[in-house]
Asks: 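This is the structure, below, for whatever I ask next.
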Amino acid sequence: VSETNLKTLLLERDDTTKIAEEKETSWMHKKAAMESDLRSKDAECKELDWKHTNKERRLVQAEIDLEDAKQSALSLLLAGQDAGDVKTDYKNVQGVIKAAQNLAIQNKGIVETLERQLQDSIE
């Protein structure tokens, strides 16, 4: 092997090594970029999963709140009916009291009349 051939072979080897190193560096950059992208996508998926889970929690809480509101509305409705019943009962009691007062007035008049008649008959 001549010296020229040896130099040519060494230059070719150096070129091949340089190309291989450049390709390896390029591949390392691509690999790092893909890993970074994968981490980014993973974080994005975790965030979406968290948002989905959070939405599910809020939906369940909204359903609980709706049921509580229904129960409160029913309680208010029943309380309103009870209040209406109490009001009706109060009016009825007032009517009974008024009737008793009228009866007492009539009885007082009768008693006064009987007392006068008794007094007149004694005299």
Asks: When rounded to the nearest 0.5 angstrom, what distance separates CG in L38 from CE in M34?
Replies: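 The CG atom of L38 sits 9.5 Å away from the CE atom of M34.
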Asks: What side-chain donor-acceptor pairs closer than 3.5 Å can you find for residues 112-122, not counting sequence neighbours?
Replies:
residue: T113; atom: OG1; partner: G109; partner atom: O; Å: 2.8
residue: S121; atom: OG; partner: Q117; partner atom: O; Å: 3.3
residue: S121; atom: OG; partner: L118; partner atom: O; Å: 2.8

Asks: Among pairs that include at least one residue of residues 6-25, which meet side-chain hydrogen bond (donor to acceptor under 3.5 Å, both in side chains), considering only residues two or more places apart or in two chains?
Replies: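 Pairs touching residues 6-25 that pass the test: none.
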Asks: Can you give the donor-acceptor pairs under 3.5 Å from side chains of residues 53-66 to other protein atoms, not counting sequence neighbours?
Replies:
residue: T53; atom: OG1; partner: D49; partner atom: O; Å: 2.9
residue: E56; atom: OE2; partner: H52; partner atom: NE2; Å: 2.8
residue: Q61; atom: NE2; partner: D65; partner atom: OD1; Å: 2.9

Asks: Counting C-beta onward and ignoring hydrogens, is there a side-chain heavy-atom pair between N92 and V96 closer than 4.5 Å?
Replies: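 Side-chain contact under 4.5 Å: no.
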Asks: Rounded at 0.5 Å granularity, tell me how far NZ in K70 sits from OG in S75.
Replies: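 These two atoms lie 14.0 Å from each other.
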Asks: Could you state the interatomic distance from OG (S26) to CD1 (I19), rounded to the nearest 0.5 Å?
Replies: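 These two atoms lie 13.0 Å from each other.
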Asks: Sequence neighbours left out, what passes side chain to side chain donor-acceptor pair (under 3.5 Å) with E47? Give chain and number order.
Replies: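 E47 satisfies side chain to side chain donor-acceptor pair (under 3.5 Å) with K51 once adjacent residues are dropped.
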Asks: Which residues pass the salt bridge (charged side-chain N to carboxylate O under 4.0 Å, His left out) test with K46, sequence neighbours left out?
Replies: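 Per chain and number, K46 pairs via salt bridge (charged side-chain N to carboxylate O under 4.0 Å, His left out) with D42.
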Asks: So, the side chain of S36 versus the backbone of A32: is there a donor-acceptor pair under 3.5 Å, distance only?
Replies: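 A pair under 3.5 Å: no.
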Asks: Mind checking the NZ-CD spacing from K87 to Q94? Nearest 0.5 Å is all I need.
Replies: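 K87 NZ to Q94 CD: 10.5 Å, rounded to 0.5 Å.
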Asks: So how far is it from D37 CG to K30 NZ, rounded to the nearest 0.5 Å?
Replies: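 Nearest 0.5 Å value for the CG-NZ distance: 14.5 Å.
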Asks: Tell me, please, which residues at least two apart from E35 pass side chain to side chain donor-acceptor pair (under 3.5 Å).
Replies: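 For E35, no residue satisfies side chain to side chain donor-acceptor pair (under 3.5 Å) once neighbours in sequence are set aside.
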